[in-house]
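Per chain, numbering begins at 1; letters A, B, ... match sequence-line order.
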Amino acid sequence: MIELKGLTKSFNRQLIFKDLNLRIESGEVIGLIGPSGAGKSTLLRCLNLLETPDSGSLTIDGLTYHAPKISNRQKIQFRRQSSMVFQQFNLFRQKNILGNVSEGLVTVKGLSRSEAQKVAVEQIQRVRLADHINKYPGQLSGGQKQRVGIARALSMGTNVLLLDEPTSALDTELVGDVLDTIKDVIRQDTNQTVIIISHELSFIKEVASRVLFFDQGQILEDGSPSDVFDHPQNDRVKQFLQRYQARAI
Amino acid sequence: MQHLIDFKLIFTQIPTLLQYLPNTLMITFFSMIIGLAVGLVLAIVKLNRIPVLSQVVAVFVSFIRGTPIIVQLYLTYYGIPIFLKYLNYYQGTTYSVNAIPALAFVLLAFSLNEAAYNSENIRAAILAVDKGELEAAQSLGMTRWEVLRRVTIPEAFVVALPTLGNAFIGLMKNTSLAFVASVVDLTAEGQILAGNSYRYFESYLSLAIIYWGLTIITEQILRLLERRLTVFERASELRVANHDQQSGLNRFFIRKRVTQ
Ligand SMILES: Nc1ncnc2c1ncn2[C@@H]1O[C@H](COP(=O)(O)OP(=O)(O)OP(=O)(O)O)[C@@H](O)[C@H]1O
Ligand SMILES: [Mg+2]
């Protein structure tokens, strides 16, 4: 369960969102959509404490953090409840695929190298990259890199998976591959809470159990994919969807 | 005009000189290691703009860069005894300068010198580390120290290696100044031999050959180290080539393989 209460965040006096309230149940797959610059990434990064909110509170599975003060130890403890997949992959370039995926298991979870490798290999198989296990990120295509990013996030075994535009840095022909992987991951573990930011609206419509439309620091629409995509109430949402549909055709 | 230069002596005295090679290497290695560790701390102080400390570091670095190493050696050599006398006087302690080996003065001076120079290189190298990778490490739940140890240092090291390698070679040659603290290294021994035989030119020529040889060997070791550390880069270059048929060289460098 994730709960935000009165969450506020600004960057040097530029208010990104204010007094945001949201509750997400375990196992929900949230599609977070909205125009560029709306603050979607900032919101997601707050959940992982890569950004520190100004005020309000954040709860993930019973652990509550009242912004903004937090000790380094508590920050890490809170952060370990979610894992993150980045738009630019952010793989460790000096480590091979196996090293990338086992890194957190060894350094953060304290597993022995052999135990960590066993778990890592399972996750790498899950994203169908078992043949590339000894390669370095520089040897992979963008789509393969992102699948490593997903395996690395999954390896930590957190209940919450956060994906920030996982396919928008990819060439069009590679997008489908990564979306399929994400689809598999969601299907394989129905207890995992997933929040995914994406401009791939048809994909969101297909996999999300709930869609949030975020703009100007507010959640303007919140409902099932068919509610939001087929019967939007808010004018801004309607406009946004129309623009996207026009582009798709 | 016989024996203006004793060519044989140039080579026959090399083994005698090499008895003091361990001293030279020891001063070089320890000063470099301490210099790297302290340099890293100085770099972190500067990067985090820690108040007061970062100003102190700036002054220290400026001082070291602005004064000759030989002057720094003399300052340590004469300064520490005075400092100890003050300490004894005010704290009632009984430290004796004689208990400190001459080597310690030399190590201290060279370490501080290396620390100052390395701190600038290390700082630049740390700034070059990809922010995205640091965020990824953080998001996995690593502590600051773990991020530093697992991502920042290994990545910055590869960037800084060429500069640090040059610093190492420079240091190795600078240790020839150790005689000012009456430590007998290669050069000091060369001077002693020359003093006995009056063959100064031969002695310095022998020394030149030894230092040159040391530098060439060090350069080769550094080249190998760099190759070893940048496997990930060369692996990418081979991407176009057949993935599964890695060249013998590549197989040699990629050690950590997992067979499934
Ligand atoms: N570190 C930062 N410092 C200052 N301003 C920032 C920072 N990060 C984001 N912003 C600003 O916050 C606003 C929201 O950015 P954010 O990246 O969260 O938007 P987004 O909804 O993810 O957009 P996009 O779809 O383009 O990724 C933007 O105006 C951006 O310029
Ligand atoms: Mg974004």
Side-chain angles (χ1 to χ4, degrees), chain A residues 45 47-51 72-73 75-100 102-109 113-114 117-118 120-121 124-125 130-141 149 152-153 155-156 158 162 164, chain B residues 48 125 128-161 225-247 250-260:
Chain A
R45 290 163 59 82
L47 291 176
N48 197 242
L49 298 189
L50 285 174
E51 302 290 354
N72 282 335
R73 246 182 96 149
K75 190 186 232 173
I76 282 155
Q77 208 184 359
F78 195 88
R79 199 176 260 161
R80 285 179 187 173
Q81 296 184 295
S82 62
S83 31
M84 187 99 173
V85 175
F86 299 87
Q87 184 175 353
Q88 301 295 342
F89 328 126
N90 297 356
L91 299 183
F92 305 123
R93 80 188 70 181
Q94 290 190 9
K95 300 186 202 303
N96 62 14
I97 306 316
L98 187 69
N100 265 278
S102 53
E103 181 59 41
L105 295 166
V106 176
T107 308
V108 176
K109 295 199 142 184
R113 199 152 285 278
S114 62
Q117 289 188 344
K118 225 181 88 195
V121 168
I124 293 168
Q125 280 165 348
D131 297 341
H132 303 273
I133 207 150
N134 288 311
K135 286 188 185 164
Y136 289 86
Q139 290 170 287
L140 302 178
S141 73
R152 179 175 66 183
S155 73
M156 299 308 286
T158 57
L162 309 170
D164 188 355
Chain B
N48 289 308
V129 175
D130 178 35
K131 300 285 168 296
E133 289 185 44
L134 298 179
E135 285 199 340
Q138 285 177 320
S139 85
L140 288 174
M142 289 192 201
T143 61
R144 278 168 158 225
W145 165 243
E146 284 164 348
V147 175
L148 192 69
R149 186 169 58 85
R150 297 296 303 171
V151 184
T152 315
I153 292 179
E155 302 239 340
F157 188 66
V158 172
V159 177
L161 187 61
L225 186 63
E226 198 172 333
R227 280 193 74 84
R228 179 86 177 81
L229 286 175
T230 53
V231 179
F232 68 97
E233 272 176 6
R234 269 167 304 112
S236 320
E237 285 157 18
L238 286 172
R239 186 183 155 187
V240 232
N242 190 335
H243 283 338
D244 299 315
Q245 284 188 349
Q246 266 150 351
S247 72
N250 216 34
R251 213 176 300 140
F252 174 74
F253 282 111
I254 300 176
R255 297 260 176 75
K256 290 183 202 157
R257 291 188 71 91
V258 169
T259 39
Q260 286 179 279

Least distance between heavy atoms, Asn48(A) atom then Ser139(B) atom: OD1-CB, 3.1 Å

Per-residue contact mode, Leu91(A) against chain B (heavy atom under 4.5 angstrom): backbone

Nearest-0.5 Å distance, CG of residue Leu140(B) to CZ of residue Arg79(A): 10.0 Å

Heavy-atom pair count under 4.5 Å with chain A, highest-scoring of Thr230(B), Asp130(B), Leu134(B): Asp130(B)

Check: Thr107(A) and Arg149(B) side chains under 4.5 Å, non-hydrogen atoms: yes

Closest heavy-atom pair and its distance - Pro154(B), Gln94(A): O-NE2, 3.4 Å

Top of Ile76(A), Leu49(A), Asn72(A) for chain B proximity - count of heavy-atom pairs under 4.5 angstrom: Ile76(A)

Structural part of Arg45(A) lying under 4.5 Å from a heavy atom of chain B: side chain

Segment of Thr158(A) engaging chain B (4.5 angstrom heavy-atom cut-off): neither

Student check: side-chain heavy atoms of Lys95(A) and Arg150(B) closer than 4.5 Å: yes

Student check: side-chain heavy atoms of Asn90(A) and Lys131(B) closer than 4.5 Å: no

Backbone of Gly141(B) reached by a side-chain donor or acceptor of Arg80(A) within 3.5 Å: yes

Top contributor to chain A interface from Glu155(B), Met142(B), Glu146(B), Gln138(B) [non-hydrogen pairs under 4.5 Å]: Glu155(B)

Ion pair check, Glu233(B) and Arg93(A), cut-off under 4.0 Å: no

Close side-chain approach of Phe232(B) to Asn96(A), heavy-atom, < 4.5 Å: no

Pairs of heavy atoms under 4.5 Å with chain B: top-ranked of Met156(A), Glu103(A), Gln88(A), Lys109(A): Glu103(A)

Nearest-0.5 Å distance, CD of residue Glu133(B) to CZ of residue Phe86(A): 11.0 Å

Chain B contact via Phe92(A) - which portion, at a heavy-atom distance below 4.5 Å: both

